[in-house]
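Here's the structure we're looking at; comments come further down.
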Amino acid sequence: MRNDRCRAFTTALFEIAYLDEGEGAPILLVHGFASTKNVNWVYPAWFSELKKNGRRVIALDNRGHGDSSKLYDPEEYRVPLMAGDVTALMDHLNIERADIMGYSLGSRMTAVLARDRPERLRSAIFGGIGIGLIEGGGPGENVAEALEAPSLEAVTDPVGRTFRAFADQTRSDRLALAACLRGSRGLMTREQAAAITVPVLIAVGTADEIAGSAAALGKIIPGSQVLDIPNRDHMRAVGDKVYKEGVLDFLSHRP
């Protein structure tokens with residue numbers, strides 16, 4: 001059995017922290033904006049559930065997040081660059097091919113890999129992202145400004161306050177997150193999404209006002225499956241039982 005402690009590897013420029021636990025077919029988990037590998041995947045019991053089902057579970061802290069290196073140039077957070085950290089981790093671990101599940105920003109990174117590096121993906125799971133992958137939505141400049149404000153009390157925008165409070169609670173590097181938000185706004189075109197050929201599951205809460213319609217994205221990506229997570233918004237869908245059961249069922253049918 002491998003050592004399950006958090007570890008890190010160094011790219012040409014910075015360090016990426018990750019967890020690697022369990023035995024079996026690998027699944028790599030990619031968290032959302034302002035979250036971490038622990039907040040998105042460990043605390044909601046994804047690690048324990050997937051390991052219980054015979055999977056090797058790997059999750060990284062995206063650049064600018066958690067225990068990974070902090071960068072302050074928005075250009076360093078373009079989605080293809082962030083997606084490249086995922087394949088760099090796979091290379092570091094000598095993993096040729098894996099299932100990859102993202103959430104929100106992590107799903108946008110996963111979509112780029114599904115489009116550009118399909119040979120590395122056994123399947124792709126887009127959690128917390130629907131037609132927003134193409135049409136946009138989610139936190140904007142108001143959130144970046146809230147992250148840069150001198151204090152939570154100085155933030156009047158309600159959405160900005162929510163993200164700022166969360167960043168304070170998790171003791172995140174707020175300036176790195178602001179740079180990430182500004183740099184990772186690139187969208188995918190309909191044509192690019194339609195060109196995705198790997199098996200795809202799109203899982204979105206029915207009360208999620210950030211992700212956009214899962215069904216609308218499902219109509220664009222050929223052969224994709226849609227999983228509605230009942231009565232869950234963007235934040236509360238992450239650890240939902242329906243989400244977990246749907247993902248496990250989807251993975252069980254992959255060749």
Side-chain angles (χ1 to χ4, degrees), residues 16 27-37 39-41 59-66 68 71 74-90 98-118 120-121 123-141 143-144 163 176-205 208-218 220-221 224 226-227 229 234-235 237-238 243 247:
I16 294 291
I27 181 168
L28 208 148
L29 311 179
V30 190
H31 67 74
F33 171 71
S35 190
T36 67
K37 60 187 182 309
V39 171
N40 225 145
W41 306 118
L60 74 161
D61 278 334
N62 293 333
R63 57 174 71 185
H65 296 71
S68 292
L71 311 172
E75 286 298 307
E76 298 287 353
Y77 291 99
R78 287 179 287 126
V79 175
L81 291 179
M82 296 184 72
D85 296 338
V86 178
T87 50
L89 175 57
M90 293 174 67
D99 298 293
I100 301 181
M101 175 163 65
Y103 197 84
S104 197
L105 172 59
S107 290
R108 294 171 60 202
M109 295 162 60
T110 303
V112 167
L113 293 176
R115 180 193 74 198
D116 296 343
R117 302 296 306 275
R120 306 302 300 267
L121 280 74
S123 71
I125 301 165
F126 301 162
I129 196 71
I131 198 63
L133 178 70
I134 295 167
E135 297 181 353
E141 183 62 21
V143 173
F163 277 90
L177 292 183
C180 177
L181 181 55
R182 291 187 173 114
S184 62
R185 289 174 174 168
L187 301 176
M188 185 170 285
T189 67
R190 288 177 180 270
E191 292 74 20
Q192 288 171 334
I196 292 174
T197 58
V198 303
V200 171
L201 175 67
I202 303 164
V204 176
D208 189 334
E209 296 181 351
I210 293 175
S213 168
L217 182 61
I220 295 170
I221 300 177
S224 59
V226 171
L227 174 66
I229 307 170
H234 197 68
M235 301 299 183
V238 176
Y243 183 17
V247 167

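Given the structure is predicted, the values throughout are model-derived calculations rather than measurements. Heavy atoms only: backbone and side chains are in, while hydrogens, waters and symmetry mates are out.
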Ignoring hydrogens and angles, tell me if any N or O in the side chain of [X] forms a donor-acceptor pair with the backbone of [Y] under 3.5 Å.
{"X": "His65", "Y": "Ala34", "answer": "yes"}
{"X": "Arg108", "Y": "Gly186", "answer": "yes"}
{"X": "His31", "Y": "Asn62", "answer": "yes"}
{"X": "Ser107", "Y": "Gly127", "answer": "yes"}
{"X": "Asn40", "Y": "Gly32", "answer": "yes"}
{"X": "Ser68", "Y": "Gly64", "answer": "no"}
{"X": "Arg78", "Y": "Glu75", "answer": "yes"}

Intermediate values then yes/no, side-chain contact (heavy atoms from CB on, under 4.5 Å), Ser104 and Phe33: CA-CA 7 Å; Ser104 197; Phe33 171 71; 5.7 Å; no
Side chain to side chain contact (heavy atoms under 4.5 Å, CB included) partner of Leu113, the single match among Leu121, Ile196, Val30: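 Exactly one pass, corresponding to Leu121.
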Looking only at heavy atoms, which two atoms of [X] and [Y] are closest? And how far apart?
{"X": "Tyr243", "Y": "Ala203", "answer": "CE1-CB, 3.7 Å"}
{"X": "Val79", "Y": "Ser184", "answer": "CG2-O, 3.6 Å"}
{"X": "Val238", "Y": "His234", "answer": "CG2-O, 4.0 Å"}
{"X": "Tyr103", "Y": "Gly128", "answer": "CE1-N, 3.5 Å"}
{"X": "Ala144", "Y": "Ala178", "answer": "O-CB, 3.9 Å"}
{"X": "Pro118", "Y": "Ala114", "answer": "CB-O, 3.7 Å"}

Once rounded to the nearest 0.5 Å, what's the spacing between atom [atom1] of [X] and atom [atom2] of [Y]?
{"X": "Met109", "Y": "Thr87", "atom1": "CE", "atom2": "OG1", "result": "9.5 Å"}
{"X": "Ile202", "Y": "Ile220", "atom1": "CD1", "atom2": "CD1", "result": "8.5 Å"}
{"X": "Arg190", "Y": "Leu217", "atom1": "CZ", "atom2": "CG", "result": "9.5 Å"}

Find out whether [X] and [Y] are in side-chain contact, i.e. whether some heavy atom of one side chain is under 4.5 Å from a heavy atom of the other.
{"X": "Leu81", "Y": "Arg63", "value": "yes"}
{"X": "Leu181", "Y": "Phe163", "value": "no"}
{"X": "Met101", "Y": "Thr110", "value": "no"}

Crowding at CD, Glu141 (>12 non-hydrogen neighbours, <6.0 Å): yes
Flag for Ser123-Asp99: side-chain donor and acceptor within less than 3.5 Å: yes
Test log, rule side-chain contact (heavy atoms from CB on, under 4.5 Å), inputs Leu29 and Lys37: CA-CA 8 Å; Leu29 311 179; Lys37 60 187 182 309; over 6 Å; no
Candidate pair Met82 and Leu105, rule side-chain contact (heavy atoms from CB on, under 4.5 Å), full reasoning: CA-CA 10 Å; Met82 296 184 72; Leu105 172 59; 4.1 Å; yes
Intermediate values then yes/no, side-chain contact (heavy atoms from CB on, under 4.5 Å), Leu28 and Leu60: CA-CA 8 Å; Leu28 208 148; Leu60 74 161; 3.8 Å; yes
